[in-house]
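Below, all heavy atoms of this structure are taken into account, side chains as well, without hydrogens, waters or symmetry copies. Here is how names work: the chains are called A, B, and so on, in the same order as the sequence lines, proteins then strands, and each is numbered from 1.
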2 protein chains.
Amino acid sequence: MPAQQRRITLKYLAAKLGVSTATVSNAFNRPDQLSPKLRDSILAEAKRLGYNGPDAKARSLRTGRSCIIAVVLAETLTYSLNDAVASEFLSGVAEVLDAHGHTLLLLPGRGRTQSPGSASMADGFIVYGLMPTTTLLDGLPQQCPRVAVDFDIDGCAAVHVDNQPASYAIARHALAGGAKRPGIVNLRLTEQPCNGRITHQTLLPEKHTITRSRLAGFHQALHDHGIDPKGVPMWNIEENTFDVSAPVIEDILDLPAGERPDLLLCMSDRIALTALTLAEQRGLRIPEDLRLTGFDGIREGQYRAPRLTTVRQDSAEKGRLAASMILGIAPRQRQVLTTELLLGDSCP
Amino acid sequence: MPAQQRRITLKYLAAKLGVSTATVSNAFNRPDQLSPKLRDSILAEAKRLGYNGPDAKARSLRTGRSCIIAVVLAETLTYSLNDAVASEFLSGVAEVLDAHGHTLLLLPGRGRTQSPGSASMADGFIVYGLMPTTTLLDGLPQQCPRVAVDFDIDGCAAVHVDNQPASYAIARHALAGGAKRPGIVNLRLTEQPCNGRITHQTLLPEKHTITRSRLAGFHQALHDHGIDPKGVPMWNIEENTFDVSAPVIEDILDLPAGERPDLLLCMSDRIALTALTLAEQRGLRIPEDLRLTGFDGIREGQYRAPRLTTVRQDSAEKGRLAASMILGIAPRQRQVLTTELLLGDSCP
DNA sequence: CTGTTAGCGCGTTCAT
DNA sequence: ATGAACGCGCTAACAG
């Protein structure tokens, strides 16, 4: 027995008790493999010595499992954690992981060319949102399960919401109210970063991004309503925050009254709420002077007056489903969740 | 050389290239220990075979470091991720960790009697908010660094904000406006869970909880203003969410006009915003009929009309500081951050 | 500059 | 029901 151990290990505990390491291991992991009496005495001694069970690092090396699931976020962690939709998604993920004894590791997708080495620690990966480059995904271990959320990876399970039908539905509703000058505020839809007015030429090529699908829904609705989508002005927002979207929205609201849109179809609640705030500051009446629609259904848009007209997507459920798939509880398919039209006061 | 390896390892790569494992290891970890030519050829072959660098599990066992920092959250993950203050804190933590090649592991404090085994994976622990029990903290590895946030652990670095002076300042400001019937809405201050009106008898004993400090600030201000704090009605909210606080707030607002407070000192912006929303629904004028103060300074309270009068605490900075302490960049002391009085329209 | 070797702490098989 | 021995994949110390 070593004189004084700086850290208590299973081996040390075994030596101290005069049993083998296997027995101590079994005491923690396979209660049926030893007598209850022995087990209890081992656990008691462990507690007395302040030994908190097998070391996670060694255990994970040996078993190959860490009970850690990583969520790779397309944006920076800072952004994602401050975004209501991403946070709600994460909370759904956390709920399921927690219920199954797993923990949540957060990995940033942006800002880092190479995923940190600790990435390979995870038992599985949930990839949330389109990555700016795929280099990061290639860096992930090939073998372990992945689930993509809000976009697609070849041959990989995925969770989506019905973006295009939902956008179509809300745009139809809004147009039925009789808009003279509709406008669309996009979210990151251009090839090059651009914060402001855009044309159809500068759009990203058709891809399976959620914002592209939402735009397709808007355009379809405009078309069905007898309006040529190409004539409808569009603006682009680079980041879904108040600070980034505010200048663009200000430009829109400060247009001469005859040019200013009387309906803004926004790709997110954050954008719509920014418009709402800035419009109120300018004394514009909602919905008389300006009608607004959002997308997401975040709480902030509903716990205020006027309530936002929007599409509610259940981000928490998206998270729960993605987590269930990773853990193998739910089948690893491609699933599309349905959304719900929320008729608020911003576009009755 | 084994016939067919199911997973590529450093050893396999070394055998394949006819060099020793140490050399391959050095190629990844200590570029100066081998010729650039050899290094390049090793990295090239690694890439070709799809080997993404040393396995994190094995590496962490060997080096003792995982480059993972755990944040233990007092509440459930679901709650914390949906709370603006906690999210902002986490984003500050993530920012610093990310900049230093570390990743963030989220551990729930509530709802689990024993921390998951994977906890011992972390190199350090940031403990955010008072734990319901200390059993969880005892389960954490003793040796590795800890930082407490918003409360104190014996002999442990800590980050705080100046809760009591800040509460004193905002209460003084509010009372200077001339309140006839002030009231206080607390956040989880009773021994037993209680959602509603409370008396001084049911209060938790004096402890170093942030809400207790805030209450002390309120009481001091009332006293200095010539009002006996014991005569001021108090309500308690069990969870800082709209859904939980709404019934209590409704009871307050639905009191007969002569009993209804004309000033509510709220312990959080979330509570104050709930009061604002519900008051608006009842046609009460803010601040004429009811004046409201919050605490935290979350965005949601400022990007709306009327803007909330509140105390702004820089949660992100709190997170950055805590992370810096854990990484050893900042000295591991007890630090108290200052706050800022934000004069909005809800209590001018 | 490169190779050899000895564990890091543990789980598991195969003995008894 | 219990113990001895092996190796998970890697890095650090040392030898050449």
Side-chain angles (χ1 to χ4, degrees), chain A residues 2 5-42 46 49-67 117-123 141 143-144, chain B residues 1-2 5-43 46 49-67 117-123 141 143-144:
Chain A
Q5 198 97 353
R6 31 177 48 250
R7 197 175 117 200
I8 293 122
T9 71
L10 189 147
K11 189 159 98 184
Y12 173 75
L13 187 60
K16 187 112 183 172
L17 283 162
V19 296
S20 88
T21 58
T23 304
V24 181
S25 174
N26 283 334
F28 283 98
N29 302 319
R30 317 167 117 192
D32 54 315
Q33 295 296 307
L34 73 175
S35 65
K37 210 184 88 188
L38 180 56
R39 180 177 132 92
D40 286 346
S41 76
I42 290 175
L49 289 175
Y51 177 73
N52 290 311
D55 177 74
K57 296 199 251 289
R59 182 215 265 277
S60 73
L61 173 59
R62 182 60 237 223
T63 62
R65 299 183 337 120
S66 60
C67 289
S118 44
S120 62
M121 197 85 75
D123 292 340
Q143 303 293 347
C144 65
Chain B
M1 189 186 320
Q5 198 97 354
R6 32 178 42 253
R7 197 173 119 197
I8 293 125
T9 72
L10 190 145
K11 189 159 99 183
Y12 174 75
L13 188 58
K16 188 111 182 173
L17 282 163
V19 296
S20 87
T21 59
T23 304
V24 180
S25 176
N26 282 334
F28 282 99
N29 301 319
R30 317 170 122 193
D32 54 315
Q33 294 296 305
L34 73 174
S35 66
K37 213 185 85 187
L38 180 58
R39 179 175 135 93
D40 287 346
S41 76
I42 290 175
L43 294 183
L49 289 175
Y51 178 73
N52 291 313
D55 176 76
K57 296 199 250 294
R59 181 216 271 275
S60 72
L61 173 58
R62 179 62 234 230
T63 62
R65 300 184 332 122
S66 61
C67 288
S118 44
S120 63
M121 196 85 77
D123 293 339
Q143 303 292 347
C144 65

Gap between atoms CD and C1', on A:Gln33 and D:dG3 respectively (whole Å): 13 Å

Per-nucleotide protein contact string for nucleotides 10-16 of chain C, where B marks a base within reach and S marks sugar-phosphate only (heavy atoms under 4.0 Å, - for neither): BBB----

Bend angle of the helix from C:dC1-D:dG16 to C:dT16-D:dA1, from helix axes over five pairs at each end, nearest 10°: 30°

B:Lys57 to A:Met121 - nearest heavy-atom pair and separation: NZ-O, 3.5 Å

For the student: nearest non-hydrogen atoms of B:Arg59 and B:Pro54, plus distance: NH2-CG, 4.3 Å

From OH (A:Tyr51) to CD1 (A:Ile42), nearest 0.5 Å: 11.0 Å

For A:Ser41, side chain to side chain contact (heavy atoms under 4.5 Å, CB included) partners two or more places apart: A:Leu38

Rounded distance (Å) that lies between atom C1' of D:dC10 and atom CG of B:Asn52: 16 Å

Touch class at under 4.0 angstrom, heavy-atom based, for B:Leu61 against every strand present: base

Between C:dG9 (P) and B:Met121 (CE): distance, integer Å: 15 Å

Distance below 4.0 Å between B:Ser20 side-chain N/O and C:dT4 OP1 or OP2: no

Residue pair B:Gly53 / B:Phe28: nearest heavy atoms and the distance that separates them: CA-CE2, 3.7 Å

Check: A:Ala14 main-chain N/O paired with A:Thr21 side-chain donor or acceptor under 3.5 Å: no

Side-chain N or O of B:Ser35 closer than 4.0 Å to phosphate OP1/OP2 of C:dC1: no

Whether B:Asp123 side chain and B:Cys67 backbone form a donor-acceptor pair below 3.5 Å: yes

Between D:dG3 (C1') and A:Leu17 (CG): distance, integer Å: 15 Å

N/O donor-acceptor pair under 3.5 Å between B:Arg39 side chain and B:Ala27 backbone: yes

